[in-house]
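Everything quoted here is computed from the prediction, not taken from an experiment.
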Amino acid sequence: PAFLFPMNDPVVVFGSFSERESRELLAAAECLSLRASSVPTTTTTTTITPPPPHHEEPDTTTTELPSSSLPVHIPSNDLRLCYQHVLLQPRGLVNRGNLCFMSSVLQSLMACAPIYHLFMVFHEKNHRRNTLPHILTSFGSFAAEFRVLDSLPSGCTTPPAGPPLTPLHFDDVLRQFRSAMSSSSGAQEDAQEFLTFLLDRLHQELVEVSDHTTHEMPSSDEDVWETVGKGHKTSVTRTTQVVESPIHQIFGGQLRSAIRRPGAKESATCEPFMTLHLDIDTPGIRWVDEALSRLMASERLDDDEQDRTIKQLSLAGLPPTLILHLKRFCFTSRGVEKLHKHVAFKPTLEIHPRHLASSAVGPRHYDLLSVISHHGKSPIGGHYTCCVRHACGSWLEYDDSIVRPVSTRIVTESQAYLLFYIAQGHTS
């Protein structure tokens, strides 16, 4: 139902309606306003019940939950990951002022099939008038704004774009992000920092509302295990408990750090990651594969020829969706500067066996899913765009509200900042 509350100025209408229903309600509101102005001492409330709409528009408003409200519980069966591809109608995102970093991240996440299905679970829960934490609610409402297509139009290789969307759902999320980063509205923000913030908050809120599980991961001094690695060499491994969520299952991997000293057992720890950060400043690095090899290269921790303590990183676990961050912004004596060098990458990525720990689990071969690029000379300015591989197999470039098809060559020649790879065998 719609509730019209007569006031001197203006008349406030609460409800969600089609265009035709909106015209009818505005006409009724005008009449009601005239009645209220002619009898100022009388307050009248009129209830109008519109005919059932063909479909319910997603709620784009956000409200803070009262402290006494408890989030709804989501059964673990509802959060099972689904990798079935979905043919979504592309929509650009309206930039209301230096929000290109957010648009690029949101478009890249929506291209990831399990993320889209997860967001639609959030929407279904709130559609039934349950209460979810705020960021889950925002993503659920956002995903529901995209139309699912049955097929491509005849003769088309890419789907036609729908009208641009203004992502009002994330206004409060942006305020939380800027508060956490101590930044202000209107300043240039970093896409990688925003992505990290979103994944972290999504993980936290999912842990709050779901039946989460824990598993052992080496990382602290609390529990110590002796493991046998390559060449039957033993190492001391420290374990701690890690809380899992669907976000961790999609993006979470394990990075193993081993310390080797002459005459001592190898000491190893493992740390979870959702993004691998790759240094690209070394002159010899021209390919993403070389930057990955540099991350895994052995490192001398001291200059003592007698001690020769070596640190070695390796991948103990690989996620279904692998995010690589090319560190283009670096600190120098002149402040923060951007590295403009081109680092080449391919539409496919193979993780070399030498980068894997002996007990490594997870996929080895990946297909490129999305590329986020930063344009401009300065790290405190510039512009973000992204290229996304659509479910139909074609590449689309998102430049705020503009959506256009691009070739694979254009994608691989871009100055990448963030790369999303999805494991082969998983439908995107």
Side-chain angles (χ1 to χ4, degrees), residues 192-193 195-196 199-200 203 214-245 247-282 284-285 288-327 330-331 349-364 366 418-419 421 423:
Q192 183 269 324
E193 290 180 347
L195 173 64
T196 300
L199 296 183
D200 182 60
H203 170 76
T214 60
H215 69 273
E216 297 289 337
M217 178 182 289
S219 132
S220 75
D221 294 328
E222 297 175 1
D223 300 298
V224 177
W225 298 83
E226 189 170 285
T227 59
V228 179
K230 297 177 181 178
H232 302 285
K233 295 180 179 179
T234 60
S235 63
V236 175
T237 304
R238 295 167 178 81
T239 65
T240 189
Q241 302 234 323
V242 174
V243 179
E244 281 196 346
S245 76
I247 296 299
H248 181 269
Q249 293 166 6
I250 296 170
F251 299 105
Q254 297 180 26
L255 195 60
R256 184 178 187 268
S257 176
I259 304 296
R260 295 194 294 269
R261 296 182 179 89
K265 289 184 178 180
E266 182 182 88
S267 175
T269 60
C270 261
E271 295 181 357
F273 72 85
M274 283 196 273
T275 301
L276 281 180
H277 306 278
L278 304 180
D279 287 315
I280 60 173
D281 57 342
T282 302
I285 293 180
V288 163
D289 309 68
E290 295 170 340
L292 191 58
S293 295
R294 187 178 189 275
L295 177 66
M296 303 300 163
S298 58
E299 176 186 0
R300 284 281 300 273
L301 297 183
D302 54 61
D303 296 325
D304 188 346
E305 290 296 330
Q306 300 297 322
D307 191 1
R308 296 184 62 83
T309 301
I310 302 294
K311 177 182 177 181
Q312 177 78 58
L313 294 180
S314 59
L315 292 164
L318 285 161
T321 303
L322 177 64
I323 303 176
L324 302 179
H325 168 220
L326 278 60
K327 297 165 68 173
C330 59
F331 290 93
L349 176 68
E350 179 182 359
I351 305 299
H352 197 280
R354 68 173 177 272
H355 301 327
L356 302 174
S358 59
S359 57
V361 295
R364 305 287 192 273
Y366 290 85
L418 288 165
L419 297 169
Y421 280 93

query = Is there a side-chain contact between Tyr366 and Ile351, using heavy atoms and a 4.5 Å cut-off?
reply = yes

message = Please find the pair of heavy atoms, one from Ile310 and one from Ser298, that lie closest to each other, and give the distance.
response = CG2-CB, 3.7 Å

ask   = What's the spacing between Glu299 CD and Ile259 CD1 if we round to 0.5 Å?
value = 8.5 Å

request  = To the nearest 0.5 angstrom, please state how far the OG1 atom of Thr196 sits from the CG atom of Leu418.
outcome  = 8.0 Å

ask   = Within the side chain of Gln312, is there an N or O that forms a donor-acceptor pair under 3.5 Å with the backbone of Met296?
value = yes

ask   = CG/Leu322 to CG/Leu315 distance, rounded to the nearest 0.5 angstrom?
value = 8.0 Å

ask   = Taking all non-hydrogen atoms of both residues, which atom of Ser314 and which atom of Ala357 are closest, and how far apart?
value = OG-CB, 3.6 Å

ask   = Of the non-hydrogen atoms in Gly252 and Pro319, which two are nearest, and what is the gap between them?
value = O-CB, 3.3 Å

request  = Please tell me if the side chains of Leu349 and Leu419 come closer than 4.5 Å, counting only heavy atoms from C-beta onward.
outcome  = no

key: Test side chain to side chain contact (heavy atoms under 4.5 Å, CB included) applied to Ser257 - qualifying residues, sequence neighbours left out   = Thr269, Lys311, Leu313

remark   = Residues at least two apart in sequence or cross-chain that pass salt bridge (Lys or Arg N to Asp or Glu O under 4.0 Å) with Glu350, listed by chain then number, are none

task = Not counting sequence neighbours, which residues clear side-chain hydrogen bond (donor to acceptor under 3.5 Å, both in side chains) with Thr282? List them please.
result = Arg294

note = Residue set satisfying side-chain hydrogen bond (donor to acceptor under 3.5 Å, both in side chains) with Asp279, at least two apart, ordered chain then number -> Lys327

note = In this structure, CD1 of Ile285 is separated from CG of Leu278 (nearest 0.5 Å) by 8.0 Å

ask   = Measuring from His355:NE2 to Arg364:CZ, what's the distance to the nearest 0.5 Å?
value = 12.5 Å

query = Rounded to the nearest 0.5 Å, how far apart are CE of Met274 and CG of Leu195?
reply = 9.0 Å

inquiry  = For a quick test of reading the model, state the closest non-hydrogen atom pair linking Glu266 to Ala258 and the distance between them.
reply    = CD-CB, 3.6 Å

Set of residues satisfying ring-ring contact (aromatic ring centres under 6.0 Å, His included) with respect to His203, sequence neighbours excluded = none

